[in-house]
Number of protein chains: 2
Amino acid sequence: MPGFRAFEPMELTFISSFKTGELVAESGTTLLSEGSHSAHLYTLLSGWAFRYKTLPDGRRQILNYMLPGDLVGLQGSVIGEMQHSVEALSPLVLCVFQRDRLNDLFRNHPGLGFDITWLAAQEERMLDDHLLSLGRRTAMERAAYLIAFLYHRAASVGLTSSRNLYLPITQMHVADTLGLSIVHTNKTLRKLADRSLIRWLDRSCEVLDVSGLMELAGWDGPPERRRPLI
Amino acid sequence: MPGFRAFEPMELTFISSFKTGELVAESGTTLLSEGSHSAHLYTLLSGWAFRYKTLPDGRRQILNYMLPGDLVGLQGSVIGEMQHSVEALSPLVLCVFQRDRLNDLFRNHPGLGFDITWLAAQEERMLDDHLLSLGRRTAMERAAYLIAFLYHRAASVGLTSSRNLYLPITQMHVADTLGLSIVHTNKTLRKLADRSLIRWLDRSCEVLDVSGLMELAGWDGPPERRRPLI
DNA sequence: CGTTAGTTTGACGGCACTCAAAAGTTGTGG
DNA sequence: CCACAACTTTTGAGTGCCGTCAAACTAACG
């Protein structure tokens, strides 16, 4: 019997035996909305997305970003109602499941059930990091952390060619992730650019010095990926 | 076959067939530390605890609070290394599991495996709410949200007698949860008290008007607990 | 009754917000 | 190919929320 496993592309194929279709979405599409009771659960096969919540008066907070291999809509499947919205940052390809078959998956493929828990634990770990950032880091540290974080995430799914990465986000996204105003976000990113840590291009960000960003943020990066037990 | 189920006390007893012992901890005890590789996974049977992360220079951020029914150390079990610390706010009773038997649980009791995922999804939902709070709410709104949130959590496990609740926390905990300084936290709580929304007692907080707090924060409370499907 | 932990208050400063406007970019239609 | 609208980035001026520093006050405890 296998020990603990990471969620590898091969397993996605396996899970695909449960799939009911495939979905292609354009950049800017809203996949799921807060309060909806969608019957679907997705796996992201390619592209970038993000999820967010809003206050009654419209203030928006981006919670996390989604990359290939991530589950989209698990909360809705498990809790019943979506408590956040999901929007595409780039063209997406998704694998669609019927969420009411999740029970079957746990029963018939306990290893995959465990993998879903593994994914949920990873998400929790990332949210923990974001909370630390919003609560206790300065604007500059927050920005440095966010870009280093996104770089590591992209690298973990093989999206980095050479040392630089182009993030498909606007400064508005950065502001709504960091909990800052767009004006102050711009001034903060400018300082990072002046230090040659990043270069901001129109509608995207080039990462120049990841370790410099991590040092500035006081962030060690994600933990080593777990090896199989015994 | 049952539909989706909530994690009820009865199930705790069921899970207890996996337990390897019981643990009693005093208030202030550190149960798990960031970076540790504990071999244990706990279920909280009674008491309050919280988990937190710190930056290299000591700044602390409280991530969430733990009440009876919560799993303690799931991240460590699934990822391998604890990425946060856990500390008791009151005397605790915990049920101890060997974390390497988690695989067995998923294989032999898929329903319980699903329940663990349900718990993880609940935690994720709470962290989403906290992120929205830290990122986009003012100090006063944040404080109102936090106290209303803790009230609902306590109520969901039957800890509220009558309408008021005494939270076993200091203003230092509130400050480290809201991402504020202790001085500003004090001034903010004072304003809430002046509005008769709460009453602050030494080392604890009495909740006087939950709906007033929720309205101030622009928070609707947790979603309805999911009913079984079909 | 001294010590320690927690709460409270005031003065002052700074980081980040709002307001305002300009410059650059993208996309669309004539 | 150009005009125009919409969006994004950039910059400056002024404001204010919240942080830091400092000190008093209260309660618990040995």
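So that the names make sense, note that chain A is the first sequence line, chain B the second, and so on, each numbered from 1. Since we're looking at a predicted model, the values are computed, not measured.
We find that A/E81 and B/R125 are not joined by a salt bridge, their nearest charged nitrogen and carboxylate oxygen being 4.0 Å or further apart.
Closest non-hydrogen pair, A/H37 versus A/G80, comes out as ND1-O, 3.0 Å.
Of all nucleotides listed (D/dT11, C/dA16, D/dC18), C/dA16 comes nearest to the side chain of A/T138. Considering only the side chain of B/N186, C/dT9 comes nearest among C/dT9, C/dG6, D/dG12.
Rounded to an integer number of Å, the gap from CH2 of A/W200 to P of C/dA23 is 23 Å. Going from atom NE2 of B/H184 over to atom C1' of D/dC21 covers 16 Å, rounded to whole Å. Taking atom CZ of residue A/R136 and atom P of nucleotide D/dC18, one finds them 13 Å apart after rounding to whole Å. Between the NZ atom of B/K191 and the P atom of D/dC17 there is a distance of 8 Å, given to the nearest Å. Computed from coordinates, the A/L189 CG to D/dT9 P distance equals 9 Å when rounded to whole Å. The CZ-P distance, from A/R199 to D/dT9, rounds to 16 Å in whole Å. Per the geometry, NZ belonging to B/K187 stands 9 Å off P belonging to C/dT9, to the nearest Å. Rounded to whole angstrom, the span from the CG atom of B/D194 across to the C1' atom of C/dT9 amounts to 13 Å.
Nucleic acid contact class of A/T170 (heavy atoms, under 4.0 Å, all strands): sugar-phosphate only. No engagement by B/G28 is indicated, since no non-hydrogen atom pair under 4.0 Å with the nucleic acid exists.
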Set out, in order, the CA-CA distance, both residues' side-chain angles and the distance that settles side-chain hydrogen bond (donor to acceptor under 3.5 Å, both in side chains) for A/T177 and A/Y52, then state yes or no. CA-CA 9 Å; A/T177 308; A/Y52 64 94; over 6 Å; no

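Here CG of A/L89 is found 9.5 Å from CG of A/L167. Values are rounded to the nearest 0.5 Å. Once rounded to the nearest 0.5 Å, the distance linking CG of A/N64 with CD of B/E124 reads 8.5 Å.
Both A/M172 and B/L180 lie near DNA chain D, and the one whose nearest nucleotide falls closer to the 5' end is A/M172. Residue order along DNA chain C, read from the 5' end via each residue's closest nucleotide, puts B/I169 first among A/I182 and B/I169.
At D/dT10, one or more side-chain N or O atoms of A/R190 fall inside 4.0 Å of OP1 or OP2 (strictly under the cut-off). Note on A/Q171: every side-chain N or O is 4.0 Å or more away from OP1 and OP2 of D/dC7.
Residue B/D220 places its CG atom among 12 or fewer non-hydrogen atoms of other residues, nucleotides or ligands, all under 6.0 Å distant.
Formation of a donor-acceptor pair under 3.5 Å by the B/H173 side chain with backbone atoms of B/T170 is found in this model.
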With B for base contact, S for sugar-phosphate-only contact and - for none (protein heavy atoms under 4.0 Å), nucleotides 22-27 of chain D reads ------

